[in-house]
Amino acid sequence: MSDRRTVFLIAHTGREAALRSVEGVVDGLLRAGMRIRLLESEAPDLDLPDGVELVPGGHGAADGCELILVAGGDGTLLRGAELARESGLPMLGINLGRVGFLAEAERDDLATVVERVVAADYEVEERMTVDVLVRADGNVLHEDWALNEASVEKASRERVLEVVTEVDGRPVSNFGCDGVVLSTPTGSTAYAFSGGGPVVWPEVEALLMVPISAHALFARPLVTSPDSVLAVEVQPRTPHGVLWCDGRRSVELPAGARVEVRRGKIPVRLARLHRAPFTDRLVAKFALPVTGWRGRSEN
């Protein structure tokens, strides 16, 4: 049995520039003596050398690998997070899209990524997830999870969604809205951010509830304990809604449905190449203006 180390590669294959970047990473890792495993569905778009192992998707696809390497935009990174959670492997993201908060490297860092992966020179941190439960008429209709957020949204753009929000078994407010985002700190820079929620540093353990376009006097974003249980109830008189988890998986919510969100049992592990503070990442990703900053005086 070979003792060669194996990396599972997930790639966005829809753009020519992304394809060339992915092929460069594959070539670099193979020349360093590592194995590459790839989903069969992604192979036709790539010009792959011999030695790349192709596997179907599904449970156990990453068995025997040491790392999941993801190259693409935010959607591809969230797809990689699904495999990372299922396998327990750390995920290292290369941003080939726009913002890419989950990514650890940019397109210009590909050679460095290959070197650090070959040397196993990275640290691993755990990111909190949420577990999601949908109930209706006393029955569990659906179970899911999310790394960024679970969002309860209206299904029709013509009508608002009437909801009641709840924290730890107690009602907070009812209002009509476009939706409510139930987010982790990791997701605070994603959909929750677009809805006017606070940016929460990833090392802070908390849950966020962010109403979207709420018709209410009090509809402020809430930051709760990580051990809280957040709930959104779709009012019986309102049209049905839809639940989205990380913007990737959806399920219809009938009138009267109840969505519960709590800290997830299984975290997602991220491989980190840099120890830069999250503040620096925030400034870089959003291109924030910091001209004029003088820093702390040493006197």
Side-chain angles (χ1 to χ4, degrees), residues 6-29 36-48 52-59 61-62 65-110 112-114 116-117 122 124-125 127 129 144-151 183-184 186-187 189-191 193-194 202 244-250 267-274 281 284-286:
T6 304
V7 170
F8 198 105
L9 179 66
I10 293 179
H12 177 78
T13 58
R15 294 193 300 271
E16 184 68 22
L19 292 177
R20 302 292 78 80
S21 297
V22 171
E23 289 163 2
V25 170
V26 169
D27 182 64
L29 291 174
I36 303 291
R37 187 178 299 171
L38 196 73
L39 292 175
E40 290 176 344
S41 59
E42 296 180 352
D45 295 320
L46 294 166
D47 183 13
L48 295 171
V52 174
E53 180 187 2
L54 303 180
V55 297
H59 183 74
C65 296
E66 67 176 58
L67 179 73
I68 298 170
L69 189 61
V70 183
D74 290 323
T76 309
L77 292 165
L78 287 170
R79 183 157 58 90
E82 294 175 354
L83 182 59
R85 177 180 178 270
E86 186 265 327
S87 64
L89 296 174
M91 177 182 81
L92 176 58
I94 303 170
N95 181 35
L96 302 181
R98 288 177 294 178
V99 181
F101 258 96
L102 288 173
E104 187 63 10
E106 302 296 324
R107 192 189 306 269
D108 294 339
D109 303 325
L110 296 180
T112 300
V113 169
V114 171
R116 298 284 292 274
V117 170
Y122 52 83
V124 178
E125 67 179 42
R127 289 293 182 91
T129 61
D144 218 311
W145 74 280
L147 173 60
N148 277 347
E149 78 281 312
S151 59
S183 167
T184 67
T186 298
T189 51
Y191 192 4
F193 177 85
S194 300
W244 283 94
C245 291
D246 282 339
R248 290 184 47 78
R249 304 175 303 278
S250 66
V268 169
R269 304 173 70 216
L270 299 182
R272 290 300 189 200
L273 303 179
H274 312 288
R281 185 183 298 267
K285 294 293 185 180
F286 286 142

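The chain is numbered in sequence order, starting from 1.
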Cation-pi between R85 and W145: NZ/CZ under 6.0 Å from ring centre and within 45° of the ring axis? yes
How close do A146 and T184 get, counting heavy atoms only, and between which atoms? O-CG2, 4.5 Å
Side-chain touch V113/L92, heavy atoms, less than 4.5 angstrom: yes
Would you confirm whether R248, through its side chain, and E82, through its main-chain N or O, come within 3.5 Å as a donor-acceptor pair? no
Rounded to the nearest 0.5 Å, what separation is found between the OG atom of S87 and the NE2 atom of H59? 10.0 Å
Donor-acceptor contact present, side-chain R127 to main-chain P202, <3.5 Å: no
When rounded to the nearest 0.5 angstrom, what distance separates OH in Y191 from OG in S151? 5.5 Å
Looking at F101 versus F193, is the centre-to-centre ring distance below 6.0 Å? no
Distance-only, no hydrogens or angles: does the D27 side chain make a donor-acceptor pair with backbone N or O of G24 under 3.5 Å? no
Between R272 and V124, is there a side-chain heavy-atom distance shorter than 4.5 Å? no
Under the side chain to side chain contact (heavy atoms under 4.5 Å, CB included) test against L102, which residue among V268, T189, T76, L77 passes? L77
For R116, check side chain to side chain donor-acceptor pair (under 3.5 Å) against everything at least two apart and list the hits. D121
Flag the pair R269 / L89 as yes when at least one side-chain heavy-atom distance between them is below 4.5 Å, and no otherwise. no
What is the minimum heavy-atom distance between L67 and A271, and which atoms define it? CD1-CB, 4.0 Å
Out of curiosity, L83 CG to I68 CD1, how far, rounded to the nearest 0.5 Å? 3.5 Å
List the atom of V117, the atom of E66, and the distance in Å for their closest heavy-atom pair. O-OE2, 4.4 Å
When rounded to the nearest 0.5 angstrom, what is the spacing between CG in L39 and CG in L9? 9.0 Å
For L69, run the side chain to side chain contact (heavy atoms under 4.5 Å, CB included) check against V22, L29, V114 and tell me which one passes. L29
If we ignore hydrogens and angles and just use 3.5 Å, is the side chain of N95 paired with the main-chain N or O of A105 as donor and acceptor? no
Output the distance between atom CG (N148) and atom OG1 (T129), rounded to the nearest 0.5 Å. 11.0 Å
Given 3.5 Å as the limit, does a donor-acceptor pair link the side chain of D246 with the main chain of L147, or not? yes
Taking the side chain as every heavy atom from C-beta outward, state whether F8 and I36 have any pair of such atoms under 4.5 Å apart. no
For the CG atom of D109 and the CD1 atom of I94, what is their distance to the nearest 0.5 Å? 8.5 Å
Residue pair T6 / R37, side-chain donor-acceptor N/O under 3.5 Å: no
G80 versus I10, closest heavy-atom pair with distance: CA-CD1, 3.7 Å
When you measure from the side chain of E104 to the backbone N and O of L273, does any donor-acceptor pair fall under 3.5 Å? yes
